[in-house]
Undergrad: 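Pasting in a structure now, in structure tokens, and then I'll have a few things to ask.
The basis for the numbers below is simple: all heavy atoms, side chains too, and nothing from hydrogens, waters or symmetry mates. Quick note on labels: first sequence line is chain A, next is B, and so on, each numbered from 1.
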Amino acid sequence: MPPKKRKLNNASEGSTPARTLDYFFGKQNQKSSPRPSSTPDPTLPSTQIDQTDQILTDEKLAQKLQAEFDAEARVFSASQQPPEPVQPQVTSPKKSAQADAAPDTTKLSTPKPTVAQNILSLSATPSSDDPLVASLPLDENPLTFAPSKCLPGLLPSWTSESGAPYALLTRCFTLVNNTQSRIKIVDTLTNTLRLLIEGDPDSLLPAVWLSTNAIAPPWVQGMELGIGGAAISKALKTACGLDNRALKALYDKVGDAGDVAFEAKKKGGFTFRKPKPLTIKGVYQSLVKIAKAQGPGSGETKQRIVDRLLQDARGGEESRAFLLSIPPNASYNVPYTQEELRKLKKDSLAAIYAKTETLLKTLFARHPDYNALIPALLNHGISSADILLEKCGLTLHTPLRPMLGSITRDLAEVLSRLEGRAFACEYKYDGQRAQVHCSSDGHVSIYSRHLENITGQYPDLVALIPQIKEDEVEGFILEGEVVAVDKVTGALMPFQTLAGRGRKDVDLSKVKVDVCLFAFDLMYLNGKALLEEPFRRRRELLRTKFKEVPGKFTWVKSQDATSEDAEAIQEFFKKAVEDKCEGIMVKLLDPEPGADLTNAALGNDEDPALPDPDSTPSPSKKGSKPSLAEKKPRRKPLLSTYQPDKRLESWLKVKKDYTASHSDTLDLVPIAAWHGQGRKARWWSPILLAVRNDETGALEAVCKCMSGFTDAFYRAMREFYDDGEVTGERKNTHPRRPGWIEYSGPEPDVWFEPCEVWEVAFADVTVSPTYTAGMGMAVEDRGLSLRFPRFLRKREDKGVEEASSSEVLVRIWRKQMDRGNGKRHREEAEGVEIEEE
DNA sequence: GTTCGCCTAGAAC
DNA sequence: CTCCGACAAATTCGG
DNA sequence: CCGAATTTGTCGGAGGTTCTAGGCGAAC
């Protein structure tokens, strides 16, 4: 059985756009699947695609895919390529057997040779295969780049059936990968998207999905690829005849899966069969099918080509593309011609770009689904803000992107940033963020911070939600923190307890860990979006239109203040930590005093240079307002409205472990390390750290650490702990684990001679299933570890003998568990076997 | 045929 | 979740 | 007053611990 249950995704309740998903994929489906009815059903956008697959077994699906790919191959070779000796796909004994062998012989694969083979061939397609595509000046300035000039040469090979070639995307991705300039990246993407808009709008949506490293919005379940690094390694080993050591050596050298694949192929002398041309739509469909079939293919493609591509500057490229290009049969026009834009001053051009980007980001924040956004844009262009807002606005049961908090070093920073304004301080509970949607019929859906649908995980909440509203409430969207609580006392429990709950299709009667929902915001109520309302207003509605359900639903603990109230805030913060919270959240209550209250939010107005409505403190624009005599560091203005798109991280997060003064640190000994990957390929990362056991004198591993090091520090470390690769002579390292070090886990690449002490910060001490530090001293048969460990500094003044002991670690754990009224819980944890039932 | 342990993937922080 | 580094944009500085 | 230097904002990359869900082989 395929692992993931394919739940049907409820179609959004809003009106269906004229161009539905089926518009994009319908043709393909008709061509490729023998489904009897091909009439698109507009009410089932994203799942309709493959409904028939849901009843197929993996094997049948594989066969079906095989047939489709064969057919595809035939179409291609017939229509546009000199027929090449296409090898028999599955049964060829030798050469293609290598490709087949990749996934076939791996332990974890169900046989799905065709998928694998074709996927594998994706990456084997050098973009230079298509000279037409390769010669496109995709990285040209979009203001001079002319799709209309390129397209005549390209279109003949883009049959209406197949659409644009995948080579176009790989070419774009290659260019993007080869530069670090964001401007260049946006230009390249803009041009690529424009080619598609003007030449093959049907391929636009799949192309956007592929570019964003996803194939469906996160809340649609059953669309994970299920392919990871391990599958790639195995495939590589078998495909290129490398053994573990050789492969590891390669990884350590280049540190990137894609590059490894490339090198491995060279080394192994392995030649792929001549790949057949792929199309954007085809690749997208293949990925969708892999996701649905849950069969492992070689994920090399994903890793190398699809994987790392830029969420970068999300919004910029799309909005610019739509600003410059329109699809062939568009019923609208672009607001400015290329020449007009080119003649503009730099400032005004930037303003126009900024305006459309703002609009697009707003749309995406409120309705983060390309399946809705792209069709709307194709149908209406970027200029008709109100139509777009209507099509892609805030919708019940479609999650919006959450407002985030930026970290703050200490309270002083908070006070100075918010001087002169009223704000609310709220407990920051240690649980899971939840966005709760409820429509008037009582239907509830719940989304995580990353917009996953977690409704099935909290049947208890689903049952609870209808009880929390006052009578006059119909539909609403609110946000809160789900926290594990003690069944009897209602005391807050640590995050680890919450994490122990089941996740999938949880049965209400089997819930073992009770939770309480602490609400902190309200974004939608009775048909009205509240995003533009100041927080004070949203909070008032949240408090008056909903009612507490003891132990299950209440409001976040909160206290209003201004910068004058330093001590009170300090007290509140300490109380929060004492009450087992991570710290506090600080949020502005009211809009900027001088700000525009009408607050149209979107630039649906004339002036393209219009500044952001809510933001304008106009600190000192144009010398008109020189004074105030303060030279505070200028800072981005914070918002009281709920608009995650405008300013990222508009709330302030004050956590207990940000400042050393409020949290413990540990002095640990680096004892081992691994070769880093990617950017850190030349250094040791992560590093294994240990505490001392005073009884035995041993060093007990407590955690790995990779955060907090500067590049300079890495460089020095690589020289100081040399396995011989750098200076040719071994320094401070051992090839094997010294006897006085206790650790059982994945084998490090190198062992260090323990000779330093590092001060390390962390958020909490956790009970560990893997680490041995303080084994049995806190919880039977369990060691302890650290949550969010990061390097602070080297303790030059301390020797290894002065490193923190496991005693210290245990003491911190006890203190942490004893906070609030949690002493009883600590004793329970100590006494009761975790494993017991 | 079931059950157990081991591994990977994904997602929460 | 964490941190750092890279780019780009926004301000301030220096002539 | 304009260009250079500096600060600030944003984003992406690399990876931390721990939990469940599923796949798969081995043992019963």
Undergrad: Base, sugar-phosphate alone, or nothing: which one does A:K655 contact when heavy atoms must sit under 4.0 Å apart?
TA: sugar-phosphate
Undergrad: Taking atom C1' in both B:dG10 and C:dC1, what distance in whole Å separates the two?
TA: 15 Å
Undergrad: For the pair made of NE2 in A:H450 and P in B:dA9, what is the distance, rounded to whole Å?
TA: 19 Å
Undergrad: Check if the side chain of A:R182 and the base of C:dA6 share a donor-acceptor pair of N or O atoms closer than 3.5 Å.
TA: yes
Undergrad: For A:L498, answer base if it contacts any base atom (sugar-phosphate contacts may also be present), sugar-phosphate if it contacts only those atoms, and nothing otherwise; contact means non-hydrogen atoms under 4.0 Å.
TA: nothing
Undergrad: With a 4.0 Å cut-off, would you call A:E582 and A:K653 a salt bridge?
TA: no
Undergrad: Is it possible for you to check whether A:K704 lies under 6.0 Å from the centre of the six-membered ring of A:W674, through NZ or CZ, and within 45° of that ring's axis?
TA: yes
Undergrad: Would you classify A:E582 as touching base, sugar-phosphate or nothing, given that sugar-phosphate means primed atoms plus P, OP1 and OP2, and contacts are heavy atoms under 4.0 Å?
TA: sugar-phosphate
Undergrad: Please report, rounded to the nearest Å, how far the C1' atom of B:dG10 is from the CG atom of A:N453.
TA: 15 Å
Undergrad: Round to a whole Å and report the spacing from CZ of A:R679 to P of C:dA6.
TA: 6 Å
Undergrad: In terms of the nearest nucleotide of DNA chain D, which residue is placed more toward the 5' end: A:K704 or A:K680?
TA: A:K680
Undergrad: What is the distance, rounded to the nearest whole Å, between atom CZ of A:F713 and atom P of C:dT2?
TA: 21 Å
Undergrad: Name the nucleic acid region contacted by A:F791, choosing base, sugar-phosphate or nothing; use a 4.0 angstrom heavy-atom cut-off, strictly under.
TA: nothing
Undergrad: Quick one: do the A:D410 and A:Y658 side chains pair a donor with an acceptor below 3.5 Å?
TA: no
Undergrad: Would you mind reading off the distance between A:K510 atom NZ and D:dA21 atom P, rounded to a whole angstrom?
TA: 12 Å
Undergrad: Indicate, with a heavy-atom threshold strictly under 4.0 Å, whether A:R503 touches base, sugar-phosphate, or nothing.
TA: base
Undergrad: Between A:E759 and A:R793, is the closest basic N to carboxylate O distance under 4.0 Å?
TA: yes
Undergrad: Does a side-chain N or O of A:T766 approach OP1 or OP2 of D:dT18 to a distance below 4.0 Å, or not?
TA: yes
Undergrad: Return whichever of A:M706 or A:P769 has its heavy-atom-nearest nucleotide of DNA chain D closer to the 5' end.
TA: A:M706
Undergrad: Which part of the nucleic acid does A:K653 contact within heavy-atom distance under 4.0 Å: base, sugar-phosphate only, or nothing?
TA: sugar-phosphate
Undergrad: Would A:R718 and A:W684 count as a cation-pi pair here, with the cationic atom under 6.0 angstrom from the ring centre and within 45° of the axis?
TA: yes
Undergrad: Is there a side-chain polar atom (N or O) of A:R782 under 4.0 Å from OP1 or OP2 of D:dT18?
TA: no
Undergrad: A:E759 CD to C:dT2 C1': how many Å, rounded?
TA: 16 Å
Undergrad: Between the base of B:dC13 and the side chain of A:R449, is there a donor and acceptor pair under 3.5 angstrom?
TA: no
Undergrad: What I want to find out is whether A:D764 reaches A:K656 closely enough, with some N-O distance under 4.0 Å, to be called a salt bridge.
TA: yes
Undergrad: Select base, sugar-phosphate, or nothing to describe what A:F709 touches, counting heavy atoms under 4.0 Å on all strands.
TA: sugar-phosphate
Undergrad: Check the distance between C:dA8's C1' and A:E317's CD and give it to me in whole angstrom.
TA: 15 Å
Undergrad: To the nearest angstrom, how far is A:K184 atom NZ from C:dC7 atom P?
TA: 13 Å
Undergrad: Would you say A:Y658 reaches C:dT2's phosphate, i.e. side-chain N/O to OP1/OP2 under 4.0 Å?
TA: yes
